[in-house]
Amino acid sequence: MLIAYIKPIFQKALALTNVQSNVPLIFESPKNSENGDLSTNIAMRLAKELKQQPRSIAEHLISLLEYDNELISKVEIAGTGFINIYFTEKFFINALNTIIQSGDQYGRSKAGKGLKVNVEYVSVNPTGLLHLGHGRNAVIGDTVANLFEWTGHEVTREYYFNNAGNQMNNLAKSIYARYRQIMGDQDYPFPEDGYHGEYIKEIAQELYEINADSLSDENEDNLIQCRKFGENWCFGKIKATLERMKIHQEVYYNEDSLYSSGKIESVINDLRSRGWVYEKDGALWLALSQFGLKDDRVIVKSSGEPTYRLPDIAYHREKFLRGFDILVDVFGADHIATVPDVLAAIAALGFDKDKVKVLIHQFVTLTENGEQVKMSKRTGKSYTLDELLDEVGADVVRFFLLMRGISTHLEFDLSLAREQSDKNPVFYLQYAHARISSVFDTARERGINYETNPDISILSHITEFNLIKSIIQFPKIISLAKDKCEPMILADYLRSLAADFHFFYHECRIIGSESALMHARLQLALTTKIVIKNGLTILGISAPERM
RNA sequence: GCGCCGGUAGCUCAGUUGGAUAGAGCAUCAGCCUUCUAAGCUGAGGGUCAUUGGUUCGAGUCCAAUCCGGCGUACCA
């Protein structure tokens with residue numbers, strides 16, 4: 001909002017100097033508020049090109065600025081050549097008034113112009129339960145999808161899965177072995193690379209309760225029964241867990257359909273006709289080295305089966321053909337190897353690979369009292385997401401998984417997450433929201449008629465203006481978080497906004513102040529409440545009225 | 001070996017296309033509730049930004065090398 005006002009003024013002044021330069025005009029908010037509301041280093045950056053002193057360039061530039069004295073109080077040179085801009089209280093009051101007009105839609109924009117975005121996340125095959133790492137993937141994908149929605153994109157949330165192939169047979173064999181063991185066949189061998197989790201026993205138990213001994217013959221049909229039952233069981237659990245995390249995906253894309261609909265074949269033909277594949281040792285190779293990659297890779301094995309790369313390529317091609325303008329993939333760090341291959345292949349097929357945004361998040365470790373938690377009694381593997389949700393709830397899980405940057409290793413502190421107190425950062429945000437609600441409850445109890453459009457120009461306290469300055473950043477923060485696909489930016493902002501509110505609340509009485517001032521402050525509180533609520537909604541976290 | 005991610009306060013992490021005195025939470029210590037929710041607020045201490053060199057008006061940020069940690073590196077998915 002500040003930049004939108006000041007930038008054209010500087011551009012106009014720069015034009016008057018007749019300086020032709022590629023140096024970008026950048027404004028930033030100084031860390032120290034004594035250095036103004038905005039600052040630009042343009043004079044320093046021009047100094048080299050113009051071979052003049054930064055300060056004299058700055059001086060000249062400032063003399064050419066034409067601005068409204070009612071909105072900007074001063075523009076001055078500081079340090080070695082920064083130009084610092086100070087806005088007036090009136091400017092901020094005007095800005096707040098504009099925000100009030102947009103009501104609870106504040107923060108939404110149409111910047112995306114309805115571009116179609118596909119966000120693919122979770123994408124776990126139905127062979128097991130979700131654990132903490134999947135949770136991070138899920139929450140990042142969901143929040144990024146929300147960010148695209150709030151910035152005016154048309155978003156499809158998609159889950160890509162494979163219920164065919166070896167891993168599913170493996171699941172079937174694992175279930176079957178447990179089933180036989182339940183039947184009393186204690187020594188029935190468990191497959192060597194089977195799924196060892198306790199949940200397999202649960203599945204087998206349920207299967208047994210339904211079918212009793214009727215599946216005892218070790219034949220193809222009975223294995224298929226096990227597979228089907230296991231798939232449904234796992235998918236049911238996965239979806240239920242996602243539901244608890246408030247995650248709803250509208251498209252479940254089955255990898256198998258790529259084969260049955262001939263899309264695998266068609267991508268091979270496409271690559272072949274463009275000359276990017278060749279045969280060697282009985283296998284089909286993709287000539288990735290022609291795209292600057294180190295090695296060529298096999299896409300169809302000599303056995304005739306495709307490697308995992310091929311369906312991945314076909315799937316991405318398919319997403320483009322379905323008409324998406326932007327593809328977002330959310331992967332864990334262990335999937336990184338396939339990314340360059342797929343992107344290169346997509347480019348080879350004539351699509352713009354810059355439209356694919358691959359978000360790779362690092363791993364999550366769970367700690368308790370400073371020690372790593374590895375084992376869980378239930379699964380024998382790692383804490384499941386469900387167990388975590390049981391313990392601390394969806395709001396805490398989501399926030400903890402979002403409050404760190406995607407590319408950094410995340411330590412999930414279970415002791416802190418369990419803490420229902422001031423130590424827990426989630427409650428700090430939610431408390432600010434509840435506190436505002438409570439002010440309005442009190443107002444209602446005392447029969448105060450809240451004015452819908454009070455005169456807010458009466459506001460003058462420093463904490464009031466700090467809060468306003470924070471509030472007007474909101475759209476910029478959303479847009480930044482969306483551009484970088486980094487939910488942490490929003491989580492961080494909300495924390496500092498909540499802090500600004502708490503400072504204000506501490507310093508300024510709302511109810512009990514003189515009437516005009518009280519109404520202005522109520523309006524300020526209400527606007528803050530909307531921002532916190534909208535911000536938490538994007539993060540998928542509830543904004544309680546009472547705590 | 002090669003590739004990707006990371007190394008910033010005791011701990012967990014921010015640090016906006018290179019900017020002014022490197023920040024937050026937790027932990028530690030000292031304060032603030034007869035008044036709208038103390039899940040709050042105020043203050044203090046705490047740093048070789050892994051190491052070394054380079055680029056420039058200016059480096060936590062860019063470049064190079066080295067060290068440490070994580071994850072990859074199949075005709076497995």
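The chains referred to below are lettered A, B, ... by the order of the sequence lines, with proteins before strands, and numbering in each begins at 1.
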Report task. Show your reasoning for whether side-chain contact (heavy atoms from CB on, under 4.5 Å) applies to A:Leu497 and A:Ile532. Result -> CA-CA 8 Å; A:Leu497 174 71; A:Ile532 294 176; 3.7 Å; yes
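Backbone-only engagement by A:Phe503 is indicated by non-hydrogen atom pairs under 4.0 Å involving sugar-phosphate atoms exclusively. Note on A:Ser302: a base of the nucleic acid sits closer than 4.0 angstrom, heavy atoms only. Across all strands shown, A:Ser438 has heavy atoms under 4.0 Å from base atoms, whether or not it also approaches the sugar-phosphate. Heavy atoms of A:Glu445 sit nowhere under 4.0 angstrom from any nucleic acid atom. Counting non-hydrogen atoms under 4.0 angstrom, A:Gly332 reaches nothing in the nucleic acid. Looking at heavy-atom distances under 4.0 Å, A:Ala337 makes contact with sugar-phosphate atoms alone, never a base. Among the protein residues, A:Asp295 comes within range of no part of the nucleic acid, since none of its heavy atoms lies under 4.0 Å from any strand.
Listed pair A:Ser496 / B:A24 fails the phosphate criterion, with no side-chain N or O lying under 4.0 Å from OP1 or OP2. In this structure, A:Arg435 reaches the B:A38 phosphate: one of its side-chain N or O atoms is under 4.0 Å from OP1 or OP2. Here A:Lys280 does not reach the OP1 or OP2 of B:C75: none of its side-chain N or O atoms lies under 4.0 Å away. Between A:Tyr428 and the phosphate of B:C41, there is a side-chain N or O to OP1/OP2 separation shorter than 4.0 Å.
Between the C1' atoms of B:G46 and B:G23, the separation comes to 13 Å (whole Å). B:C13 and B:G6 are spaced 12 Å apart, taking the C1' atom of each and rounding to whole Å. One P atom belongs to B:G69, the other to B:A22, and the distance between them is 31 Å to the nearest Å. Comparing the P positions of B:G18 and B:A64 gives a spacing of 16 Å, expressed to the nearest Å. Rounded to whole Å, the separation between the C1' atoms of B:C57 and B:A44 comes to 37 Å. Straight-line distance between the P atoms of B:C68 and B:C62: roughly 22 Å, to the nearest whole Å. The separation of B:G31 from B:U21, taken at their C1' atoms, amounts to 26 Å, rounded to a whole angstrom. Here, B:C29 and B:U66 have their P atoms 46 Å apart, quoted to the whole Å.
A:Tyr160 and A:Leu258 make their closest contact through OH-CD1, 3.8 Å (heavy atoms, listed as atom of the first residue, atom of the second, distance). Smallest separation of non-hydrogen atoms from A:Leu171 and A:Pro126: CD2-O, 3.6 Å.
Closest to the side chain of A:Asp334, from the set B:G25, B:A77, B:C71, is B:C71. The side chain of A:Tyr308 has B:A77 as its nearest neighbour among B:A77, B:C36, B:U37. With distances taken from any side-chain atom of A:Glu34 to the nucleotides B:U37, B:U21, B:U12, the minimum falls on B:U21. Relative to the side chain of A:Ile336, the nucleotides B:G72, B:A14, B:U37 differ in distance, and B:G72 lies closest. Distance from the side chain of A:Lys423 is smallest to B:A27 among B:A27, B:C41, B:A14. Side chain of A:Glu411, nearest nucleotide from B:U37, B:A14, B:C13: B:C13. In this structure, the nucleotide among B:C71, B:A39, B:G40 sitting nearest to the side chain of A:Ala333 is B:C71. Side-chain proximity of A:Ser407 to B:C5, B:C71, B:U37: nearest is B:C5.
Checked by atom type, the side-chain pair A:Tyr383/A:Glu391 shows a donor-acceptor distance below 3.5 Å. Remark: the A:Asn163 side chain and the A:Glu231 side chain contain an N/O donor-acceptor pair separated by less than 3.5 Å. In summary, the side chains of A:Tyr121 and A:Asp329 do not present any donor paired with an acceptor at a separation below 3.5 Å, with no hydrogens or angles considered. No side-chain donor-acceptor contact under 3.5 Å links A:Tyr195 and A:Gln167.
Between A:Met403 and A:Ile360, the residue whose closest nucleotide on RNA chain B is further toward the 5' end is A:Ile360. Along RNA chain B, the nucleotide nearest to A:Thr338 and the one nearest to A:Arg546 differ in position, and the one closer to the 5' end is contacted by A:Arg546.
Following rounding to the nearest Å, A:His433 (NE2) and B:G40 (P) show an atom-to-atom distance of 17 Å. In this structure, A:Phe427 places its CZ atom 16 Å from C1' of B:A38, rounding to the nearest Å. Between the P atom of B:C26 and the CZ atom of A:Arg418 lies a distance of 19 Å, rounded to the nearest Å. Nucleotide B:U35 holds its P atom 17 Å from the CD atom of A:Glu507, rounded to whole Å. Protein atom CD1 of A:Ile57 is 12 Å distant from nucleotide atom C1' of B:C57, rounded to whole Å. For A:Phe400 and B:G25, the CZ to P distance is 15 Å, given to the nearest whole Å. Put simply, CG on A:Leu410 is 14 Å from C1' on B:C5, counting in whole angstrom units. The CG atom of A:Leu286 sits 13 Å away from the P atom of B:C75 (whole-angstrom rounding).
By the 30° and 60° cut-offs, the orientation of the rings of A:Tyr159 relative to A:Phe161 is perpendicular.
Using a 4.0 Å cut-off between a side-chain N of Lys or Arg and a carboxylate O of Asp or Glu, A:Glu411 and A:Arg404 do not qualify as a salt bridge. Taking a cutoff of 4.0 Å between a charged side-chain nitrogen and a carboxylate oxygen, A:Lys280 and A:Asp296 do not qualify as a salt bridge.
Base pairing of B:C26: its partner is B:G10, meeting the Watson-Crick or G-U wobble criterion (both donor-acceptor distances under 3.5 Å). Remark: B:U21 base-pairs with no nucleotide; criterion is Watson-Crick or G-U wobble with both hydrogen-bond distances under 3.5 Å. Within the shown strands, B:G31 is the pairing partner of B:C41 under the Watson-Crick or G-U definition, both distances less than 3.5 Å. Nucleotide B:C2 forms a pair with B:G72, judged by Watson-Crick or G-U wobble geometry with both contacts under 3.5 Å.
The line from CD1 of A:Ile489 to CG of A:Leu147 is 9.0 Å long, rounded to the nearest 0.5 Å.
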Report summary line: Per-nucleotide protein contact along nucleotides 15-20 of chain B, 5' to 3', at a 4.0 Å heavy-atom cut-off (B base, S sugar-phosphate only, - neither), is SBB-BB
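For B:C33, the glycosidic angle deviates from 0 by 90° or less, giving a syn base.
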